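These notes are about the structure you will find just below.
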Amino acid sequence: MLGMMLYVDNFAENLKGVKRKLSYLEEAGVNVIHLMPFFDTDKHESDGGYAVKDFRKVRRDLGDMEDLKALTVACHRRDMCVCCDFVMNHTSDQHEWAIRARQGDGEYMSRYFFYDNDEIPKQYDAIVPQVFPVSAPGNFTWIEDVRHFVMTTFHPYQWDLNYHNPRVFNEMVYNLLYLVNQGVDIVRLDAVPYIWKEPGTTCRNLDRVHTIVRMLRLITEIVCPGVLLLGEVVMEPEKVVPYFGTIEKPECHMLYNVTTMASIWNSVATRDIRLLKHELDKVSELPKDYVFLNYLRCHDDIGWGLDYGFLASLGMDEFSHKKYLNDYFLGNAGYSDSRGAVYNDDPVGGDARMCGTTASLCGIETAIESGDRERLQKAVDLDIMLHSYMLMLSGIPVICSGDEIGRLNDYSYLEDEEKKYDSRYIHRGRFEWELEKKKKSGRSLQGQIFERLSEIERIRASHTAFLGDADVRSINTYDDSVICVSRILDDEEIIGVFNFSEHEKTCWPGAEGTYRDLISGEITPAKEITLAGYGMYLLRRERSY
């Protein structure tokens, strides 16, 4: 499987437009389409579509439910799956329930967390971490209409649902099944760790969260067993894995590999793969039933949720390391050509996150402006190497729409009064179909990236060692800039070697036997390997007869 994440309007105007572009997605090797939120939402307070007004209505400018159903049917005819987001933690304050609650209807007020004074809200705020401490501080909002506080973990216009009320769970399950009946194959459960609230706790990852997810798994297995649940758990590794449940009592079918995303970019900025190797080894020890979605970029920011205990053992301090990473991807440190934007900078906590397209973060934007061809080639090589490493990992790789043609940052959001303070829109820009036409030329930037990525995708799709049952492990290279990954299934072994430095490197994986590079076709010994800056090999062991 190979996924692509896209915004319906930015990619093709509406759902009918996406249907017309399925041939392009097939050409890009994609067989899983992740449609970013398309439900009805308030234009001015949407949080990128995650403040839902109606779970059974498509945003008017994108089409209607019949269009969604027509799209899923067309996808299934092409053996393509459709993934959609299901926002579980909250509704928009324009949702029917919220409107009735605002009118003082006790039945609907009980579906949220309302308090007539600030005593309990203060108890929550003393313990519960803030999601957006700068742009949306606090966890409660005063509603003058009913003279109550309501819990709003994310934004004041997103009211947290109260799953202590069983009607909330029932109604949300009905909404989920309604979505599935439109032909959706994969349901992404948004912000799962937040959905259960208890006073005196951080309201994150509580036991009842797992109870609810387990119930959703049971219900879907009975009613629609072909549907997969994808959990969005943007947490440190030890808090992510429990959302798989157990073999006997499974919860989510798949989870995001957010830690690997952050560790990959950490390796780019430091030219040091030791943390990345450490994370790979931990994932490789998990049961093969545990499936991760791997990605370089997503619709949100890159948060630096790294294993700072491990980094401390390498002599790295958390506070200064985060500052270095952000400075690097702003292009201000570490001999960087990267071009990113800071998101949700917290001057008090000294924390911030990073935004930007893959191409711009790899230095392609800076290199184009410089007019330096050698510099541009290095940036393209880094882009391809990172995508190839992602494709080498176990799980399902997901490409951010536009990355396949090297889309650069879109700064038009700075001219929009409602978006200019949210730098995530720098990588949420419109798909440039004029640039897509250039992919047919191997001499163009778009053609080079598209064809090189397509070649790696074809290799991945045609070799059994890339199947989920393969044994995956890292191999020591004796160079902290080079990571080596081995995949073995039955009688096939493929070794991927990736140089995270811009300088030529020689490493010593020590693999015996003869190997052929699946990209160049050349026979290459794997005992000692020399790689160009940001170079890579995909080596397949030659059979001996």
Side-chain angles (χ1 to χ4, degrees), residues 1-8 11-12 18-19 21-36 71-72 74-85 184-188 226-228 230 232 253-258 260-261 264 283 288 290-299 357-359 383-407 431 436 439 446-470 472 485 487 489 494 496 498 518-519 536 538:
M1 300 176 81
L2 176 67
M4 180 174 285
M5 181 215 78
L6 58 88
Y7 283 91
V8 172
F11 183 71
V18 175
K19 182 181 174 184
K21 297 296 185 181
L22 291 182
S23 294
Y24 168 74
L25 294 172
E26 276 191 319
E27 186 183 0
V30 172
N31 52 26
V32 180
I33 305 172
H34 181 182
L35 303 174
M36 299 307 292
L71 173 60
T72 60
C75 287
H76 295 159
R77 286 172 178 163
R78 296 172 183 254
D79 291 328
M80 301 170 83
C81 297
V82 178
C83 174
C84 294
D85 290 58
V184 172
D185 307 283
I186 303 172
V187 178
R188 175 186 178 272
V227 170
L228 302 178
L230 165 61
E232 188 219 12
H253 297 86
M254 302 180 290
L255 295 173
Y256 281 102
N257 196 350
V258 64
T260 293
M261 174 188 72
I264 286 173
V283 171
K288 291 184 174 62
Y290 294 177
V291 178
F292 284 102
L293 260 70
N294 303 306
Y295 54 100
L296 297 179
R297 290 294 300 112
C298 66
H299 67 290
T357 66
T358 299
D383 185 299
I384 299 300
M385 185 274 289
L386 295 182
H387 276 98
S388 300
Y389 176 76
M390 177 187 69
L391 288 162
M392 187 75 186
L393 300 175
S394 291
I396 301 172
V398 178
I399 294 173
C400 197
S401 173
D403 274 4
E404 74 280 11
I405 55 170
R407 181 166 66 94
F431 189 90
E436 181 272 332
K439 77 179 191 305
Q446 294 75 26
Q448 186 181 165
I449 292 176
F450 189 88
E451 186 48 46
R452 289 179 68 183
L453 272 182
S454 296
E455 183 179 22
I456 304 299
E457 291 162 5
R458 286 192 292 268
I459 290 171
R460 179 178 178 272
S462 58
H463 289 274
T464 58
F466 284 101
L467 293 174
D469 291 336
V472 180
V485 185
R487 300 187 64 92
L489 183 62
I494 293 176
F498 307 90
L518 293 173
I519 301 172
M536 53 164 284
L538 293 179

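Because the structure is predicted, anything quoted here is derived from the model rather than measured. Index from 1, following the sequence.
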Q | Residue of the set R458, Q448, H387 for which side chain to side chain contact (heavy atoms under 4.5 Å, CB included) holds with L453 | A |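 That would be H387; it is the only one of R458, Q448, H387 passing the side chain to side chain contact (heavy atoms under 4.5 Å, CB included) with L453.
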Q) Of the options N257, I399, V398, which is the one that meets M390 in a side chain to side chain contact (heavy atoms under 4.5 Å, CB included)? A)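 Option passing the side chain to side chain contact (heavy atoms under 4.5 Å, CB included) with M390: I399.
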Q: Output yes when K439 and E27 qualify as a salt bridge under the 4.0 Å nitrogen-oxygen rule, no when they do not.
A: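 Looking at K439 and E27, the cut-off is met.
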Taking side chain as C-beta onward, heavy atoms only, is [X] less than 4.5 Å from [Y]?
| X | Y | result |
| --- | --- | --- |
| M80 | V32 | no |
| C400 | Y295 | no |
| L35 | I33 | yes |
| L25 | N31 | no |
| I449 | I405 | no |
| L538 | M392 | yes |
| I456 | M536 | yes |

Q: With salt bridge (charged side-chain N to carboxylate O under 4.0 Å, His left out) as the test, would you mind laying out the steps for E436 and R407 before giving the verdict?
A: CA-CA 10 Å; E436 181 272 332; R407 181 166 66 94; over 6 Å; no
Q: Tell me, with the steps shown, if I459 and I519 meet side chain to side chain contact (heavy atoms under 4.5 Å, CB included).
A: CA-CA 8 Å; I459 290 171; I519 301 172; 4.0 Å; yes
What is the minimum heavy-atom distance between [X] and [Y], and which atoms define it?
| X | Y | answer |
| --- | --- | --- |
| A470 | A465 | CB-O, 3.2 Å |
| V30 | G3 | CG1-C, 4.3 Å |
| G29 | L2 | O-CD2, 3.3 Å |

Q: Examine F431 together with Y7 and report whether their ring centres are nearer than 6.0 Å.
A: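 Judged by ring-centre distance (under 6.0 Å), F431 and Y7 do not meet the cut-off.
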With rounding to the nearest 0.5 angstrom, report the [atom1] to [atom2] distance, [X] to [Y].
| X | Y | atom1 | atom2 | value |
| --- | --- | --- | --- | --- |
| D383 | L296 | CG | CG | 8.0 Å |
| L22 | C75 | CG | SG | 4.5 Å |
| R188 | C83 | CZ | SG | 8.0 Å |
| N294 | Y389 | CG | OH | 9.0 Å |
| L393 | L293 | CG | CG | 12.0 Å |
| L230 | Y256 | CG | OH | 4.5 Å |

Q. Which of parallel (below 30°), tilted (30 to 60°) and perpendicular (above 60°) describes Y24 and F11?
A.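 Tilted: the ring planes of Y24 and F11 meet at 30° to 60°.
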(Q) Could you walk me through whether V227 and D185 satisfy the side chain to side chain contact (heavy atoms under 4.5 Å, CB included) test, starting with their C-alpha distance in whole Å, then the side-chain angles of each, then the deciding distance to 0.1 Å, before giving a yes or no? (A) CA-CA 5 Å; V227 170; D185 307 283; 6.0 Å; no
(Q) Checking L6 against H34 for the side chain to side chain contact (heavy atoms under 4.5 Å, CB included) test, could you report, in this order, the C-alpha distance in whole Å, the side-chain angles of both residues, the deciding distance, and whether it holds? (A) CA-CA 6 Å; L6 58 88; H34 181 182; over 6 Å; no
Q: Let me see the working for I494 and L518 under side chain to side chain contact (heavy atoms under 4.5 Å, CB included), right down to the final yes or no.
A: CA-CA 9 Å; I494 293 176; L518 293 173; 3.9 Å; yes
Q | side-chain hydrogen bond (donor to acceptor under 3.5 Å, both in side chains) assessment of R487 paired with S394 | A | CA-CA 9 Å; R487 300 187 64 92; S394 291; 3.2 Å; yes
Q.
Quick check against the 3.5 Å criterion: does E457 have a side-chain atom that pairs as donor or acceptor with the backbone of E455?
A.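 No; zero donor-acceptor contacts below 3.5 Å.
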Q) Quick one: does R460's side chain have a donor or acceptor within less than 3.5 Å of a partner on M1's backbone? A)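 The answer is yes, because a donor-acceptor pair under 3.5 Å joins these two groups.
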